[in-house]
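We number each residue from 1, following the sequence as shown.
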Amino acid sequence: MEAPIKHQVDTSLSPYQKKVITSSAAGFGLENMDVMFLSFALSSIITTLHVSGTQAGLIASVTNLGMLVGGVLFGLLADRYGRVKVFSQTIFIFAIATAAMYFANNIWTVYLCRFIAGIGSGGEYGCGIALIAESFPQKQVGKMTSVAAIGGQIGAILAAILAALILPHFGWHGLFLCGVLPVTLIFFVRRHLKESPAFTALQQDKSQHQKATISALFKTPQLAWQTIALTIMVMVQIAGYFGLMNWLPSIMQQRLGISAASSSLWMIATIIGMSLGMFTFGTIMDKFGARRAFAIFLIISAVAVFAITLASNQWTLLLAEVLIGFFSNGMYGGYGAVISRLYPVEIRATANNTIMNVGRAVGGFSSVVIGFLMDRYDLIVVMAFLSLLYVLSLGTLMTIRNLRES
């Protein structure tokens with residue numbers, strides 16, 4: 001009798017998997033490009049509209065409130081009617097709303113445009129993550145969601161390049177007009193993507209099919225705490241991300257005398273650090289488990305984010321930015337993987353969108369808090385505040401019972 005032949009595991013991607021990861025990464029990239037436009041344009045908006053740091057910080061918070069509304073609404077719709085259908089609609093909404101900033105000439109119009117853009121981008125996240133989770137083996141989901149998140153950082157680099165080219169000549173209005181670019185992705189999604197086999201099977205199985213509801217995330221005390229704990233962790237993640245990314249360019253401009261155009265190019269170092277951190281985190285998570293991966297990155301983040309206070313010139317600031325990007329934002333892709341593992345298909349998009357966007361809505365107020373602190377206190381106070389948040393997230397992580405090591 002012949003001995004069984006040992007086959008190597010096929011790690012290549014199928015054509016459908018390539019389309020899923022490409023479209024999701026592109027969607028996250030174009031969404032992040034939109035977010036970073038605000039970072040690079042913030043100081044110019046403050047000057048031209050004559051607003052305070054607190055009012056300017058509220059722009060990002062209003063965007064995140066829109067994400068909360070869009071996330072809950074479109075998460076439910078995606079679980080009921082399909083991820084692909086909802087995905088294309090959400091892209092259209094945030095693209096048009098971003099381009100509409102071209103016509104904004106007062107802070108209230110800015111708030112309105114950003115709120116609508118948030119509705120679209122908040123709905124898009126859960127659809128993309130659900131598609132990834134349902135298209136790859138569980139042991140690859142951490143890495144694949146991180147790859148998609150890296151696509152988001154490519155969008156941030158594109159925003160930095162566009163900011164350097166457009167801001168000096170056409171101002172922040174011209175920069176936001178580029179937000180119409182995501183419309184092109186809609187045609188790709190509608191032509192090349194179909195619903196995942198897991199979602200299609202759920203739709204066909206009438207005995208198992210239930211309408212997605214928010215209450216399903218809180219069905220038992222343990223599940224309710226799991227949902228709350230994950231939301232707290234996302235709040236901290238978003239507080240660090242939006243707080244730093246919205247204010248780092250302004251910090252560089254004020255502290256080191258760097259121009260708006262130059263600071264956008266320097267931010268590429270932070271974004272590269274994020275991309276490397278995301279890829280590393282996804283690999284660690286799939287190999288050693290989510291609890292260990294998050295614990296390592298949260299501990300180092302608490303230290304690294306405070307290290308920026310030691311920067312005294314452009315090169316030490318550059319090093320601090322890379323470290324902050326690698327550790328504090330390297331975790332971002334992992335949340336979608338964890339949520340997708342802990343919640344079933346029938347509420348997967350709802351869980352991702354609700355947890356991520358409640359976290360965004362609350363954590364996004366860090367922009368207001370940092371703007372308030374920047375107006376009144378030293379940089380050390382701002383970074384100490386963010387460091388303590390990462391310690392809070394670490395403590396919360398340890399309370400999630402279902403987050404077992406793989």
Side-chain angles (χ1 to χ4, degrees), residues 30-71 93-122 124-125 152 155-156 159-160 162-163 166-167 170-180 182 235 237-254 260 263-264 267 357-376 382 386:
L30 293 168
E31 175 194 340
N32 209 30
M33 181 184 74
D34 163 75
V35 170
M36 291 304 298
F37 280 167
L38 178 59
S39 297
F40 299 129
L42 193 61
S43 59
S44 299
I45 291 174
I46 291 172
T47 300
T48 57
L49 299 184
H50 308 291
V51 296
S52 67
T54 303
Q55 287 176 304
L58 191 59
I59 299 173
S61 299
V62 167
T63 306
N64 288 320
L65 287 173
M67 288 180 174
L68 173 58
V69 173
I93 291 172
F94 82 72
I96 298 303
T98 300
M101 283 282 287
Y102 179 80
F103 303 99
N105 291 309
N106 59 69
I107 192 63
W108 297 107
T109 307
V110 169
Y111 289 156
L112 177 61
C113 289
R114 298 310 300 159
F115 181 77
I116 297 173
I119 289 175
S121 59
E124 179 240 10
Y125 177 83
L162 289 172
I166 294 173
L167 279 175
F170 302 101
W172 62 271
H173 289 91
L175 182 63
F176 279 100
L177 190 60
C178 296
V180 76
M235 287 178 189
Q237 177 70 31
I238 299 302
Y241 182 79
F242 283 104
L244 289 169
M245 297 307 288
N246 282 336
W247 284 104
L248 268 180
S250 296
I251 291 171
M252 295 171 68
Q253 292 163 28
Q254 295 172 11
S263 69
S264 66
M267 285 294 290
N357 287 297
V358 170
R360 280 174 168 174
V362 179
F365 276 99
S366 68
S367 293
V368 179
V369 175
I370 290 176
F372 176 84
L373 295 176
M374 290 278 291
D375 287 341
R376 291 164 178 79
V382 177
L386 289 172

Exercise. Might you work through the side chain to side chain contact (heavy atoms under 4.5 Å, CB included) test for Val110 and Val62, ending with a clear yes or no?
Key: CA-CA 10 Å; Val110 169; Val62 167; over 6 Å; no

Quiz prompt | Ile45 and Leu38, any side-chain heavy atoms less than 4.5 Å apart | solution = yes

Quiz item: His173 side chain to Ala104 main-chain N or O, any donor-acceptor pair under 3.5 Å?
Solution: yes

Quiz item: Does the side chain of Met101 come within less than 4.5 Å of Leu177's, by heavy atoms?
Solution: no

Quiz item: To the nearest 0.5 Å, what is the distance between OG (Ser121) and CE (Met33)?
Solution: 12.0 Å

Quiz item: If you look at every heavy atom in Leu386 and Gly240, which pair is closest and at what distance?
Solution: CD2-CA, 4.2 Å

Quiz prompt | Minimum side-chain heavy-atom gap Ile59-Ile107 below 4.5 Å | solution = yes

Quiz prompt | Partner of Met67 by side-chain contact (heavy atoms from CB on, under 4.5 Å), out of Ile238, Ile119, Asn357 | solution = Asn357

Quiz prompt | Check: Thr109 side chain, Asn105 main-chain N or O, donor-acceptor pair, under 3.5 Å | solution = no

Quiz item: Residues in ring-ring contact (aromatic ring centres under 6.0 Å, His included) with Tyr125, at least two apart?
Solution: Phe28

Quiz prompt | Contact summary for Phe115 and Leu65, nearest pair of heavy atoms | solution = CE1-C, 3.9 Å

Quiz item: Is there a side-chain contact between Leu162 and Phe40, using heavy atoms and a 4.5 Å cut-off?
Solution: no

Exercise. Taking the side chain as every heavy atom from C-beta outward, state whether Glu31 and Thr98 have any pair of such atoms under 4.5 Å apart.
Key: no

Self-check item: Over 12 foreign heavy atoms within 6.0 Å of OH, Tyr102
Solution: no

Self-check item: Heavy-atom check, side chain of Trp172 versus side chain of Leu167, under 4.5 Å
Solution: yes

Practice problem: Would you sort out whether Phe176 and Cys113 count as a side chain to side chain contact (heavy atoms under 4.5 Å, CB included), showing the intermediate values? | Solution: CA-CA 11 Å; Phe176 279 100; Cys113 289; over 6 Å; no

Quiz prompt | Nearest-0.5 Å distance that lies between atom CD1 in Ile166 and atom SG in Cys178 | solution = 3.5 Å

